[in-house]
Novice: 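My questions all concern the structure below.
In what follows, chains carry the letters A, B, and so on, assigned in the order in which the sequence lines appear, proteins first and then strands, with residues in each chain numbered from 1.
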There are 2 protein chains.
Amino acid sequence: MNKFHEIFLDLEKKILTNDYPPQSLLPSENQLMKIYGVSRETIRKALNLLTNAGYIQKKQGKGSFVLDVKRFDFPLSGLTSFKELQANQHISNQTIVTTLEKEFVTPQLSQVSDWQVGEEVWHLIRQRRIDGEVVILDKDYLLADVIPELPLEKAEDSIYAYFEDELGLEIAYAKKEIEVKLITNEIQELMDLRPEDTHVIVVTSLVFLEDTTCFEYTESYHRLDKFRFVEFARRRKI
Amino acid sequence: MNKFHEIFLDLEKKILTNDYPPQSLLPSENQLMKIYGVSRETIRKALNLLTNAGYIQKKQGKGSFVLDVKRFDFPLSGLTSFKELQANQHISNQTIVTTLEKEFVTPQLSQVSDWQVGEEVWHLIRQRRIDGEVVILDKDYLLADVIPELPLEKAEDSIYAYFEDELGLEIAYAKKEIEVKLITNEIQELMDLRPEDTHVIVVTSLVFLEDTTCFEYTESYHRLDKFRFVEFARRRKI
DNA sequence: GCCCATTTGTACGTATGTATA
DNA sequence: CTATACATACGTACAAATGGG
């Protein structure tokens, strides 16, 4: 691994274990150079990662303040998937695959995904049970050209771990959209909704590889009372 | 302004005006060095800004691909405020201030904001009319220690422009949370809700300055049918 | 399969500017 | 005013991926 990434992970660990507690200052860039035996640029790259992740706030002439990261415990932002989410939380949960089949791209799907009509895609529907209730429903379409095989046991686990670790895909970025929509019959049947539920949250995602090909289109349906989205955002200077 | 930031703005403009159309490659870093007469590090900093903003995708050995930015037309992410949002859109809209007064921090507010009970804050409530209907309601609390004066005409315009351009505040980052909540009587009275509306989206934000002081706590209420949140997210490597 | 030019990624060194205390 | 700390900028070198011959 890179030096700057290793230093990032080390500093992250020390912040999380309170070796560098909130409100304190990290060692200066000069001191960190000596501590890790690297150049200043390498230190600054590591500090940039910490800054973007919301761990520190730098101030010219003063130093790098450690931010309070405990109040920010649910990082859905930054392309984290459901399975990775669970690892951080302590929720009893279960994934049930209700559909896993190859289909052809329809005109409707082509419009939202930019895939050619007739291309082969995997169609995957998964119920996400949390504490016994289906409160999330994930509908995925995956380009078969990129994902030739999609075994059931992988679909029940994390498809992202399968794509990255076993298929060697490099997932680069995603475009996400959050909206509220009326419940359809299909959703009604597949989710454990309450009588008073008339709407669901829909998180639509297009996910792209490093070569800018879109390989995944997802609609993730969330019951209103179970949805929460937390984001750390830096002010982009205009 | 910085060189790398100016180069970023110039490249951004050229991407938006299709001088560098989607799917094409930017000039190589070496070529850009010659074009702008700067060092490679400066070019790379500008390209990093483009990468983070979702304009390009770099690939080692190949170059920097221009991404299709048109399909991504509503950048609410990254701490953009309502007023800045409007500028990009072509929506008839209006802001009505219904409350603007100094108060003291209550224990409830203290819990969510980390402000001391009894500190002075501005309490600001604004109705956001879009096409004549109040579909967004913003409840702001602003630390009076940081914002000594808050004139009505500034509150009706963009408070962020007032803070940054006139007060010289440096807004650094924010923690945001999106949830769905039941409608309260207060919300019912201040928003133009439909008979079938039982819930609203609540976007809660804590906004921080460069010195890590929290100066703003906001609850933004959105009518379900008018809410949309779009995000560009890069995969953070684990 | 291999070499080679091109392109981006990482890393180091140095110098100067600017903000803070 | 000075020492310290971060910000910007330039230069250099080598590694790694890509694509053409």
Novice: Using five base pairs at each end to define the local axes, how bent is the helix from C:dC2-D:dG21 to C:dA21-D:dT2, to the nearest 10°?
Specialist: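 The two end axes of the helix from C:dC2-D:dG21 to C:dA21-D:dT2 meet at 10°.
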
Novice: Quiz question: by atom type and distance under 3.5 Å, do the side chains of A:T218 and A:E216 form a donor-acceptor pair?
Specialist: yes

Novice: Between which nucleotides of DNA chain D, read 5' to 3', does contact with chain B run, using atoms under 4.0 Å from its heavy atoms?
Specialist: D:dT8 to D:dG19

Novice: Sort and list the pairs that fulfil ring pair (Phe, Tyr, Trp, His ring centres under 6.0 Å) and have at least one residue in residues 6-51 of chain B, not counting sequence neighbours.
Specialist: B:H5-B:F8

Novice: Going by the rule side chain to side chain donor-acceptor pair (under 3.5 Å), which residues pair with B:E119 if we only count those two or more places apart in sequence or in a different chain?
Specialist: none

Novice: Suppose we screen for ring-ring contact (aromatic ring centres under 6.0 Å, His included). Which residues come up paired with A:Y141, at least two apart in sequence or across chains?
Specialist: A:H123

Novice: With sequence neighbours excluded, tell me which residues meet salt bridge (charged side-chain N to carboxylate O under 4.0 Å, His left out) with B:E12.
Specialist: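 Salt bridge (charged side-chain N to carboxylate O under 4.0 Å, His left out) check on B:E12 returns nothing, list empty.
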
Novice: Can you name the residues that form a side chain to side chain donor-acceptor pair (under 3.5 Å) with B:K14, not counting sequence neighbours?
Specialist: B:D10

Novice: Once you round it to whole Å, what is the distance between P of C:dT8 and CD1 of B:I56?
Specialist: 9 Å

Novice: What residues form a side chain to side chain donor-acceptor pair (under 3.5 Å) with A:T106, not counting sequence neighbours?
Specialist: none

Novice: Specify the residue among B:N30 and B:E41 whose closest nucleotide of DNA chain C lies further upstream toward the 5′ end.
Specialist: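 Looking at DNA chain C, the more 5' nearest nucleotide goes with B:N30.
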
Novice: Separation of A:N2 atom CG from C:dT8 atom P, in whole Å?
Specialist: 18 Å

Novice: Between atom CG in B:L32 and atom C1' in C:dG9, what is the gap in whole Å?
Specialist: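 Distance, rounded to whole Å: 16 Å.
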
Novice: Go through the steps to decide whether A:S28 and A:N30 satisfy the test side-chain hydrogen bond (donor to acceptor under 3.5 Å, both in side chains), and finish with yes or no.
Specialist: CA-CA 5 Å; A:S28 74; A:N30 263 307; 5.3 Å; no

Novice: Within the pair A:K45 and C:dG9, is there a side-chain N or O less than 4.0 Å away from OP1 or OP2?
Specialist: no

Novice: Classify every nucleotide of nucleotides 15-21 of chain C by which part a protein heavy atom approaches to under 4.0 Å, writing B for the base, S for the sugar-phosphate alone and - for neither, in 5'-to-3' order.
Specialist: B-BBBSS

Novice: To the nearest Å, give me how far apart NE2 (A:H5) and C1' (C:dA11) are.
Specialist: 16 Å

Novice: Atom NZ of B:K58 and atom C1' of C:dG9: how far apart are they, to the nearest Å?
Specialist: 8 Å

Novice: In chain order, what residues pass the ring-ring contact (aromatic ring centres under 6.0 Å, His included) check against B:Y162, with sequence neighbours excluded?
Specialist: none

Novice: Under the salt bridge (charged side-chain N to carboxylate O under 4.0 Å, His left out) test, which residues partner B:K34, sequence neighbours left out?
Specialist: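 Once residues adjacent in sequence are excluded, B:K34 has no partner under the salt bridge (charged side-chain N to carboxylate O under 4.0 Å, His left out) criterion.
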
Novice: Just jot down the salt bridge (charged side-chain N to carboxylate O under 4.0 Å, His left out) partners of A:K154, sequence neighbours excluded, or say none.
Specialist: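 Per chain and number, A:K154 pairs via salt bridge (charged side-chain N to carboxylate O under 4.0 Å, His left out) with A:E166.
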
Novice: Roughly how many Å is it from CG in B:L26 to P in C:dT7, rounded to a whole number?
Specialist: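 Going from CG in B:L26 over to P in C:dT7 covers 13 Å.
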
